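Below you'll find the structure, written out as structure tokens, and then a few comments.
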Amino acid sequence: MSGDHPGEDRKRARELGIPLTGEPGPWNAITDVPGVEVGYVTLVDGDDVRTGVTALLPRGRDGVGIPCASGWHSFNGNGEMTGTAWIEESGSLAVPVVITNTYAVGPVHRGVVEWVRANCRGMAPEWLLPVVTETWDGHLNDIHGPAVESRHAAAAIEAAASGPVEEGCVGGGTGMRCYGFKGGSGTASRVVEYGEDRYTVGVFVQANFGSRRELVVAGVPVGRELTDPVEAQPSVAEPDGERPVPPGAGSVIVVVATDAPLLPGQCKALARRVTLGLGRTGTTGSHFSGDLFLAFSTANPTALTSTFPEDDGSAPYESMRFVPWGRMDPFYGAVVESVEEAVLNVLTGAHSMTGRAGHHVPALPLEQVTEILAARGAVS
């Protein structure tokens, strides 16, 4: 991995003493939601390949085909998330959610179809609408190249597991930037008490957005005091007459999971709250960023099944258990807190990287950030 620095001492945001509100789950990850699994394929090769694929399985591999209540939201639509028309129509999600780079959506989409056909023969073999979404990694990665193949989607699904989730320069987040520093993959979770029950809200972020000067950590505008060679100095000459990408461009994908019983419309409401969590980290939402969010609930596992009707004269009904709308505020707060922390975990976990055309993206300087926060009284 020429030019990369995976040996850098990186930590999660809480390990740095950054003050964050709310109670996280055991792993402080989306996998704290029972059944949710995450898998990566990371592709780093030569000077030009810095990319990959991330798969999120709402109910694990054995649960593909069992629908979850779901909703999505576009904060800024300069991006792609396939399958959203059906999510909007039916309120259900029954397939893996797969994240990659912008130009790899096609092969990854095909790879999901091939994996489902090979492993879930009972799941509507005639018809499938995968959910594949993306952020742009063309600064560090040869995005026009053929590095991501359909088999990598299957490999990411097969690699999916529960437990702690690796963060930073992994999976679909391998070649990403965030607030002018090295970006990538990050996660966090919150426990929500609801009467005698305890539910979990977990989020996963593929972060490739924001300009350096926007960055806010724990309410402190640290980006204004940090020096970022990517934006503060002349950039490396772009090959083939390419124009430099403006600060703040890129995209961010956020997936929200919960085991709380929710209606599809309530999942959509969770997805809208992602915007507030991102806002806590400073972004104003660049026109050149695709900011797309998806939320699902793993409760009510059979209620939203959509299959061809049997010609047996029956007329079945379904029912759903759900949190009343007037009781949703704690779940909204959990989304906002988790998204803020997941973005910070991206930045504190990612290491510096050099890639295509000699482009170098530095890691967020953790020591300098903690010094700024200490000077402002945000950390002891």
Side-chain angles (χ1 to χ4, degrees), residues 3-5 8 10-11 13 16 18 50 75-76 78 135-141 167-169 173-186 205-238 242-254 275 277-291 339-376 378-379:
D4 301 331
H5 304 278
E8 294 170 337
R10 310 302 290 172
K11 298 180 179 179
L16 292 171
I18 296 173
R50 303 286 187 274
F75 174 51
N76 195 65
N78 198 347
T135 63
W136 186 86
D137 61 10
H139 185 73
L140 287 170
N141 176 57
E167 295 171 301
C169 309
T174 299
M176 305 302 169
R177 296 182 291 173
C178 185
Y179 288 117
F181 298 98
K182 189 63 189 70
S185 305
V205 175
Q206 183 163 297
N208 190 52
F209 70 101
S211 65
R212 176 186 58 82
R213 292 186 176 275
E214 291 180 318
L215 177 60
V216 173
V217 179
V220 177
V222 301
R224 300 174 189 175
E225 301 184 40
L226 295 173
T227 300
D228 174 14
V230 174
E231 292 182 18
Q233 298 178 10
S235 62
V236 176
E238 298 288 346
E242 295 177 18
R243 291 176 295 175
V245 176
S251 291
V252 55
I253 301 300
V254 182
T275 306
L278 295 177
R280 284 191 177 187
T281 67
T283 182
T284 54
S286 169
H287 169 75
F288 299 101
S289 182
D291 304 342
V339 170
E340 177 188 19
E341 184 167 0
V343 172
L344 295 180
N345 283 338
V346 169
L347 289 165
T348 62
H351 57 77
S352 57
M353 181 175 282
T354 303
R356 182 186 72 91
H359 291 161
H360 178 76
V361 180
L364 182 72
L366 302 187
E367 184 175 348
Q368 190 177 355
V369 168
T370 54
E371 288 174 356
I372 293 171
L373 293 178
R376 300 292 187 88
V379 297

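None of these values were measured; they are calculated from a predicted model.
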- Query: Under 4.5 Å between any side-chain heavy atoms of V343 and F209, yes or no?
  - Reply: yes

- Report the C-alpha separation of H139 and V361 in whole Å, then their side-chain angles, then the decisive distance to 0.1 Å, and conclude whether the side chain to side chain contact (heavy atoms under 4.5 Å, CB included) test is met. CA-CA 9 Å; H139 185 73; V361 180; 3.8 Å; yes

- Taking the side chain from N208 and the backbone from V252, do they hold a donor-acceptor pair closer than 3.5 Å? no

- Note on the structure: C169 and H351 have their tightest heavy-atom pair at SG-O, 3.4 Å

- For the residue pair V346 and G184, what are the closest heavy atoms and their distance? CG1-N, 3.2 Å

- Item | Expected output: side-chain D291 to main-chain N76 donor-acceptor under 3.5 Å | no

- Item | Between CG on residue N141 and CH2 on residue W136, distance to nearest 0.5 Å | 9.5 Å

- For residues A363 and F181, report the shortest heavy-atom separation together with the two atoms involved. O-CD2, 3.7 Å

- Query: Just by distance, do the side chain of Q206 and the backbone of G173 share a donor-acceptor pair under 3.5 Å?
  - Reply: yes

- Item | From L347 atom CG to R177 atom CZ, the distance as rounded to the nearest 0.5 Å | 13.0 Å

- Query: Any sub-3.5 Å donor-acceptor pair from K182's side-chain atoms to M176's backbone N or O?
  - Reply: yes

- Would you give the length of the straight line joining atom CD of Q368 to atom CG of L373, rounded to the nearest 0.5 angstrom? 11.0 Å

- Query: How far apart are the closest heavy atoms of G175 and L140, and which atoms are they?
  - Reply: O-CD1, 3.6 Å

- Query: Hey, is the main chain of T348 close enough, under 3.5 Å, to the side chain of R10 for a donor-acceptor pair?
  - Reply: yes

- Kindly determine whether T174 and M353 satisfy side chain to side chain contact (heavy atoms under 4.5 Å, CB included), including the steps that lead there. CA-CA 9 Å; T174 299; M353 181 175 282; 4.2 Å; yes

- Message: If I take atom CD from residue E371 and atom CZ from residue R376, how far apart are they, to the nearest 0.5 angstrom?
- Response: 13.5 Å

- Message: Check whether R50 reaches the backbone of T354 with its side chain - one donor and one acceptor, N or O, closer than 3.5 Å.
- Response: yes

- Query: Does T283 offer a backbone N or O that forms a donor-acceptor pair with the side chain of Y179 under 3.5 Å?
  - Reply: yes

- Side chain of S289, backbone of G285: donor and acceptor closer than 3.5 Å? no

- Query: To the nearest 0.5 Å, how far apart are SG in C178 and CG in L344?
  - Reply: 9.0 Å

- Backbone N or O of G290 within a donor-acceptor pair of the S251 side chain at under 3.5 Å? yes

- Item | Contact summary for P362 and G180, nearest pair of heavy atoms | CD-O, 4.3 Å

- Message: Please check this pair: side chain of R212 against backbone of L226, looking for a donor-acceptor N/O pair closer than 3.5 Å.
- Response: yes

